[in-house]
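Treat the numbers as computed from the prediction; the structure is a model and nothing was measured.
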Amino acid sequence: TIYDPCPAGWRVPDGGDEGVWSTAKSSSSSYDRSYDSTNKGMNFSVDFGIASTIWYPASGYRLSGSGRLSDVRSYGNYWSVTPDDNFAYYMYFDNFGFVGPSYNNHRASGFSVRCLQEGTGGGPQYDNNFSTSVAENLSDAGTANSYIVSNVGTYSISPVKGNSSESVGSVVSAEVLWESFGTDDRVFKGNLISGARYENGHIYFKTADSYREGNAVIAAKDASGTILWSWHIWLTDQPQEQIYNNNAGTMMDRNLGATSSTPGDVGALGLLYQWGRKDPFLGSSSISSSIEARSTITWPSPVSSDSSTGTIDYVTSHPTTYITYNGSNYDWYYTGSSSTDDTRWQSYKTIYDPCPSGWRVPDGGDKGIWKIAGFAHTTYDSVNRGRSFSISYPSASWYPASGCRYSRDGLLRNFGDSGDYWSVSPSNYNAYDLYFYSDSRVDPMNDYYRAGGFSVRCLQEGTGGGT
């Protein structure tokens, strides 16, 4: 800006979680680093780069209240341009060896500035110029809105609406929308998917050279940049089948988006879905608290359902936007009355079903899989935060207390306390779900507003229905 103090070609750097110091360190968490008590400062070459010396002097600061110079040779404070409410982010260190790459403070404070070269930074970027000659077409095994990838490689998918052969429209480009490990670990562009592009009627993508488990979403765009459709790329080992009692059906051993089925593992939580939507939202980074998992993007704020936002067209072109309920039918889908649409998810696989090929969202209610299989009270596991139901073969089924996103505001709730699992089955303007809590409550026939963001446990197509 016209107020930036740096010379031509340089500027004040970005800060916070996405700032230069956090990005270079691959973490915004505080840490310890040896303080040079002789020269009064820190050498950050180990953290920030390969140069033998990246020297930051402990240049002190001026107090925001009085302007008095303070703590020279003890503290280093370096401004960024990035606001944090009424404060601003900065990098901090002290003579005790403590480093905070993403602190905030009053903007009236007088801190040092270390200039960033313009046009550099932003962290790793996608490399879309990869070879497609050996790409594996994942759609050959069946089209879907979610594709499982278990190995390093180059892959392609057909640009059709999930679970169908219907074209998504005139695709011009493809891009990775977001990536996440599903944890509190910092994730950068390319950590899971190194690049994506549209070519010769297919969408191609390449994994990172070192395979890591997690989730990503890839979108197809038209010439104007509007998203035509998007697909979930589920990087995990192949989920195992679990056959539920009483011919209730064959289910996956884990939640949709989970990278584990192990009790107590944060990787078992998976992703969250609004009823009737194909695109996932992040769950928690902890089995015991509602702290959103990290990803490569800043997610847009939720919007209220109305005649503009509560439509299939809107959610298709805005797959990362959570739609909170309207006051008429308490759904994200807007009708202007208490009625709603029951066709988005059904007992056969629709184009909006989020499960991989060969799987679908299960039935619920009185004829649903959890009721038929005999889900009932089991002891809540307060250590691993969930319930193990002995209703399946060859092993018990672990259901983590993966919480939810609240229908009214889209915020995470009740992680470590409640489990909420969608079915396709409508219950008036609500829909049936499996619900349990950390007390004695287990309800295989619960129902809730369809704007809620719940877990999904996929059912193998062609199985179930009871004995």
Side-chain angles (χ1 to χ4, degrees), residues 4-6 10-117 120-124 180-181 183-189 191 210 212 266 285-286 288-289 291-296 298:
D4 191 295
C6 292
W10 301 81
R11 68 173 178 86
V12 182
D14 300 294
D17 284 354
E18 307 295 328
V20 62
W21 301 292
S22 296
T23 299
K25 178 62 178 171
S26 298
S27 174
S28 59
S29 300
S30 302
Y31 61 96
D32 294 326
R33 172 65 56 217
S34 177
Y35 180 79
D36 187 336
S37 59
T38 300
N39 296 305
K40 308 300 183 184
M42 282 192 178
N43 179 6
F44 286 101
S45 60
V46 174
D47 304 314
F48 298 160
I50 59 174
S52 59
T53 302
I54 301 179
W55 179 253
Y56 278 68
S59 43
Y61 60 95
R62 288 189 178 273
L63 295 169
S64 59
S66 65
R68 180 174 60 85
L69 191 63
S70 181
D71 291 310
V72 176
R73 301 186 300 176
S74 296
Y75 291 177
N77 303 273
Y78 288 79
W79 274 132
S80 81
V81 299
T82 308
D84 183 29
D85 293 326
N86 293 328
F87 297 93
Y89 284 108
Y90 72 106
M91 191 272 284
Y92 165 86
F93 68 86
D94 61 31
N95 58 342
F96 298 104
F98 181 85
V99 181
S102 181
Y103 267 39
N104 62 21
N105 208 315
H106 300 286
R107 303 186 192 189
S109 300
F111 289 173
S112 301
V113 168
R114 181 68 61 98
C115 298
L116 171 75
Q117 190 173 54
T120 68
S180 176
F181 299 132
T183 68
D184 62 357
D185 291 340
R186 184 74 188 280
V187 57
F188 294 101
K189 294 177 180 178
N191 281 170
S210 296
R212 299 182 70 176
V266 68
S285 62
S286 167
S288 59
S289 58
I291 303 172
E292 186 173 86
R294 291 192 176 196
S295 72
T296 52
T298 299

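Side chains of Asp47 and Tyr31: a donor-acceptor N/O pair is present below 3.5 angstrom, by distance only. Inspection of the Tyr35 and Asp94 side chains reveals no N or O donor paired with an N or O acceptor under 3.5 Å. Ser112 and Ser59 are linked by a side-chain donor-acceptor pair at a separation below 3.5 angstrom, with hydrogens and angles left out of the test. Checked by atom type, the side-chain pair Asp17/Ser28 shows a donor-acceptor distance below 3.5 Å.
A pairwise comparison of heavy atoms in Gly97 and Met42 identifies CA-CE, 3.6 Å as the closest pair. Residues Ile54 and Asn43 approach most closely at N-OD1, 2.9 Å, considering heavy atoms. Annotation for Pro13 and Leu116: closest pair CB-CB, 3.9 Å, computed over non-hydrogen atoms.
Looking at Trp55 and Asp36, their side chains come closer than 4.5 Å, going by heavy atoms from C-beta outward. Put simply, the side chain of Tyr103 does not reach to within 4.5 Å of the side chain of Asn77, judged on heavy atoms. Put simply, the side chain of Lys25 reaches to within 4.5 Å of the side chain of Arg33, judged on heavy atoms. Proximity of Ser70 to Tyr75: side-chain heavy atoms (C-beta onward) are nowhere separated by under 4.5 Å. Between Pro101 and Ser22 there is a side-chain heavy-atom pair separated by less than 4.5 Å. Within the 4.5 Å cutoff, side-chain heavy atoms of Ser80 are placed close to those of Tyr89. Side-chain contact check for Arg186 versus Thr23: some heavy-atom pair is nearer than 4.5 Å. Looking at heavy atoms from C-beta onward, Cys6 lies in side-chain contact with Val12 at the 4.5 angstrom threshold.
Formation of a donor-acceptor pair under 3.5 Å by the Ser74 side chain with backbone atoms of Asn95 is not found in this model. A donor-acceptor distance shorter than 3.5 angstrom exists from the side chain of Thr82 to the backbone of Gly15, with no hydrogens or angles considered. Under a 3.5 Å cut-off, the side chain of Ser66 and the backbone N or O of Leu63 do not form any donor-acceptor pair.
Within 6.0 Å of CZ in Arg73 there are 12 or fewer heavy atoms belonging to other residues, nucleotides or ligands.
Between the CZ atom of Arg107 and the OH atom of Tyr90 there is a distance of 14.5 Å, given to the nearest 0.5 Å. Of the inter-residue distances, the one linking Arg212 atom CZ with Asp185 atom CG reads 7.0 Å to the nearest 0.5 angstrom. Note that the OG atom of Ser109 and the CZ atom of Arg62 stand 12.0 Å from one another [nearest 0.5 Å]. Taken to the nearest 0.5 Å, the CG atom of Asn105 stands 11.0 Å off from the CG atom of Asp84.
Among residues two or more places apart in sequence or in another chain, the ring pair (Phe, Tyr, Trp, His ring centres under 6.0 Å) test is passed with Phe44 by Phe48, Tyr56, Phe93.
Of the residues Trp79, Tyr92, Phe87, the one that meets the ring pair (Phe, Tyr, Trp, His ring centres under 6.0 Å) test with Phe111 is Trp79.
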